[in-house]
**Q** 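The structure's right below; bear with me while I get my questions together.
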Amino acid sequence: DNREWSLDDFEIGRPLGRGKFGRVYLARERKSKYVVALKIVFKQQIEKYRIHHQLRREMEIQSGLRHPNILRLYGWFHDDDRIFLILEYAQGGELYKELQKYGHLTERQAATYIASLAQALAYCHEKHVIHRDIKPENLLLDHEGRLKIADFGWSVQSKFKRHTMCGTLDYLAPEMVEKKAHDHAVDNWTLGVLCYEFLYGVPPFEAESQSDTFKRIMKVDLNFPDQPDVSSSTKDLICQLLVKDSSKRLSLQKIMEHPWIVTNANPMGSCKSG
Ligand SMILES: CC[C@@H](NC(=O)c1cc2[nH]nc(NC(=O)c3ccc(N4CCN(C)CC4)cc3)c2s1)c1ccccc1
């Protein structure tokens, strides 16, 4: 509901995480006892980094999205010096930590997460939203191990395109790295990067320096280590996504129909580790 919320409506719990522009705390709405994540951004940080448009876009975009694999933004409020975003609580934490803990994921886990991402992105693209910053840090897990895309701070309505460099280069498609006009297909490229990272534990174009990563992305300098042993079907999907010409990348629909996804993804979207 769109009633006016205020800090008094919530009991604040432990800190959950922090991003560049704020922190997230566990919180509980007093009357309903409903548990949420409360993201707090300081207004002077918004002034300092001039991210009004980004935060406003995050709020407008994420509050308008309703999908099982997209973290809900229930509402927001502010006081004199802070803005509060009332977010869905993802009890399983960051997918990134799973990846770090196990080194790499199983093909079933990876396929399940890629299928969930493809479904969520297909939904976003129908709503003319490009996330542009899909990376393991922005992927959360709910209590059933279902993937939730968080932090739409870098997303855009695909009507107008922005060319601000967002975060690490590892996940950026060539056209974004080259600051060319980009469209939905950037997210398809990123699925290829993520699928590779889920299975090998490192992103495909990782390099010592940003400029080397840049060169590797532009050349699509892709190679598959011998270990861990990954099926050729998986490599086929990755090779069909990490294609320089964005019009030739596998579509989200085709990803969902790919034999590796059909064979390995859990249709329920959840995959308890192992
Ligand atoms: C994705 C970054 C973004 N984060 C959000 O918006 C976030 C929104 C949101 N909802 N629920 C979350 N859950 C957690 O952060 C979380 C972390 C660890 C947990 N565990 C620790 C280990 N344990 C074994 C299991 C439980 C459980 C939940 C987060 S983060 C952000 C952006 C800007 C500023 C702060 C945060």
Side-chain angles (χ1 to χ4, degrees), residues 5 10-29 33-78 81-102 105 109 113 116-117 120-121 124 129 131-156 164 166-168 170-171 187 190 194 197 269-274:
W5 292 105
F10 298 92
E11 291 162 344
I12 309 293
R14 71 182 176 90
L16 286 173
R18 65 171 60 193
K20 196 167 175 218
F21 302 118
R23 291 173 174 214
V24 174
Y25 293 84
L26 194 56
R28 189 167 66 173
E29 200 277 319
K33 300 257 179 284
Y34 195 80
V35 174
V36 294
L38 206 55
K39 187 187 312 189
I40 304 178
V41 185
F42 281 91
K43 288 182 177 175
Q44 105 262 10
Q45 293 265 312
I46 297 171
E47 304 296 334
K48 181 177 167 197
Y49 291 100
R50 311 212 44 65
I51 52 162
H52 309 74
H53 58 279
Q54 182 182 321
L55 189 65
R56 178 161 309 290
R57 205 166 42 227
E58 173 179 358
M59 292 151 78
E60 282 157 7
I61 289 176
Q62 200 163 351
S63 55
L65 298 175
R66 297 278 191 286
H67 187 277
N69 298 114
I70 294 176
L71 201 76
R72 280 292 310 279
L73 171 59
Y74 299 119
W76 54 79
F77 55 93
H78 65 95
D81 45 22
R82 293 167 294 183
I83 291 181
F84 301 84
L85 303 185
I86 309 165
L87 291 160
E88 176 183 357
Y89 173 50
Q91 197 170 329
E94 292 176 351
L95 176 50
Y96 201 58
K97 293 277 190 304
E98 287 270 305
L99 197 52
Q100 276 180 336
K101 196 162 91 179
Y102 295 105
L105 304 179
Q109 279 181 306
Y113 293 146
S116 300
L117 280 164
L121 291 174
C124 286
V129 170
H131 188 284
R132 297 194 318 172
D133 193 18
I134 306 281
K135 58 189 178 200
E137 293 85 345
N138 289 346
L139 303 177
L140 301 171
L141 297 168
D142 71 4
H143 61 292
E144 310 238 310
R146 256 194 301 267
L147 179 138
K148 300 271 179 180
I149 303 177
D151 199 14
F152 278 69
W154 289 103
S155 56
V156 287
T164 42
C166 29
T168 165
D170 279 315
Y171 303 90
D187 287 336
T190 304
L194 274 174
E197 181 164 9
S270 73
C271 45
K272 282 292 172 199
S273 34

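Please read these numbers as outputs of a predicted model, since none were measured by experiment. Each ligand, and each atom within it, is numbered from 1 in the order the structure gives. FYI, the numbering just counts along the sequence from 1.
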**Q** Under a 4.5 Å cut-off applied to non-hydrogen side-chain atoms, are L194 and Y171 in contact?
**A**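 They are in contact (side-chain heavy atoms under 4.5 Å apart), so the answer is yes.
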**Q** Side chains of Y113 and L139: does their closest heavy-atom pair fall under 4.5 Å?
**A**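 Of all side-chain heavy-atom pairs linking L139 with Y113, none is under 4.5 Å.
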**Q** Determine whether more than 12 heavy atoms belonging to other residues, nucleotides or ligands lie under 6.0 Å from atom NE2 of H78.
**A**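 Incorrect, the count does not exceed 12.
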**Q** Can you report which non-hydrogen protein atom sits closest to atom 10 (N) of ligand 1, along with the distance?
**A** E88 O, 2.8 Å
**Q** For ligand 1, which atoms have a heavy atom of N138 less than 4.0 angstrom away?
**A** 1 (C)
**Q** Pick one: which of Q62, E88, K39 meets side-chain contact (heavy atoms from CB on, under 4.5 Å) with L73?
**A**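 So, applying the side-chain contact (heavy atoms from CB on, under 4.5 Å) to L73 and each of Q62, E88, K39, only Q62 qualifies.
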**Q** If you take the nearest heavy atom of each of V36, V35, L71, which one is closest to atom 8 (C) of ligand 1?
**A** L71
**Q** For ligand 1, which atoms sit closer than 4.0 Å to a heavy atom of A37?
**A**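 Contacts of ligand 1 toward A37, numbered from 1: 9 (C), 10 (N), 11 (N).
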**Q** Please examine the side chains of Q91 and E144, heavy atoms only from C-beta on, and report whether any two atoms are closer than 4.5 Å.
**A** no
**Q** Side-chain contact, heavy-atom cut-off 4.5 Å: L99 with E197?
**A** yes
**Q** Tell me whether ligand 1 is touched by Y89 - counting only heavy atoms on the residue side and a distance under 4.0 Å.
**A**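 Yes, Y89 has heavy atoms under 4.0 Å from ligand 1.
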**Q** Just verifying a value: how many Å separate N69 CG and I149 CD1, rounded to the nearest 0.5 Å?
**A** 7.0 Å
**Q** Can you list the ligand 1 atoms lying under 4.0 Å from a non-hydrogen atom of G22?
**A** 34 (C), 35 (C)
**Q** Considering only protein heavy atoms, which is closest to atom 1 (C) of ligand 1, and at what distance to one decimal place?
**A** E137 O, 3.3 Å
**Q** Does Q54 reach the side chain of Y49, with side-chain heavy atoms less than 4.5 Å apart?
**A** no
**Q** Heavy-atom count around R66 CZ within 6.0 Å, excluding the residue itself: above 12?
**A** yes
**Q** Who's closest to atom 31 (C) of ligand 1 heavy-atom-wise, of Q91, E98, K97, K39?
**A** K39
**Q** Closest non-hydrogen protein atom to atom 34 (C) of ligand 1, residue and atom name please, with distance?
**A** G19 N, 3.2 Å
**Q** Checking contacts here: is it the side chain or the backbone of E94 that comes within 4.0 Å of ligand 1, counting heavy atoms only? Could be both or neither.
**A**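 For E94, there is no contact with ligand 1 at all, from either part.
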**Q** Give me the residue, atom name and distance of the protein heavy atom closest to atom 4 (N) of ligand 1.
**A**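 Looking at atom 4 (N) of ligand 1, the protein heavy atom closest to it is V24 CG2, 4.1 Å.
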**Q** Counting non-hydrogen protein atoms only, what is the nearest one to atom 18 (C) of ligand 1? Give residue, atom name and distance.
**A** G93 CA, 3.7 Å
**Q** Determine whether any protein heavy atom is located less than 4.0 Å from atom 24 (C) of ligand 1.
**A** no
**Q** At under 4.0 Å between heavy atoms, is it the side chain or the backbone of V41 that contacts ligand 1, or both, or neither?
**A**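 None of V41 does.
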**Q** Counting heavy atoms only, name the option from Q62, R14, R23 that's nearest to atom 21 (C) of ligand 1.
**A** R14
**Q** For ligand 1 and R18, I'd like to know whether there is a polar contact (N/O to N/O, distance under 3.5 Å).
**A**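 No, no N or O pair falls under 3.5 Å.
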**Q** Might you confirm whether atom NZ of K33 has over 12 heavy atoms from other residues, nucleotides or ligands at distances under 6.0 Å?
**A**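 Yes.
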**Q** Is any side-chain heavy atom of F84 less than 4.5 Å from a side-chain heavy atom of W5?
**A**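 Contact flag for F84/W5 side chains = no.
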**Q** Tell me the contacting part of A90 for ligand 1: side chain, backbone, both, or neither, using a 4.0 Å heavy-atom threshold, strictly below.
**A**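 It is both parts that get close, each with some atom under 4.0 Å.
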**Q** Counting only heavy atoms, tell me which of L87, L140, L55, L16 gets closest to atom 30 (S) of ligand 1.
**A**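 Ranked by closest heavy atom to atom 30 (S) of ligand 1, first place is L140.
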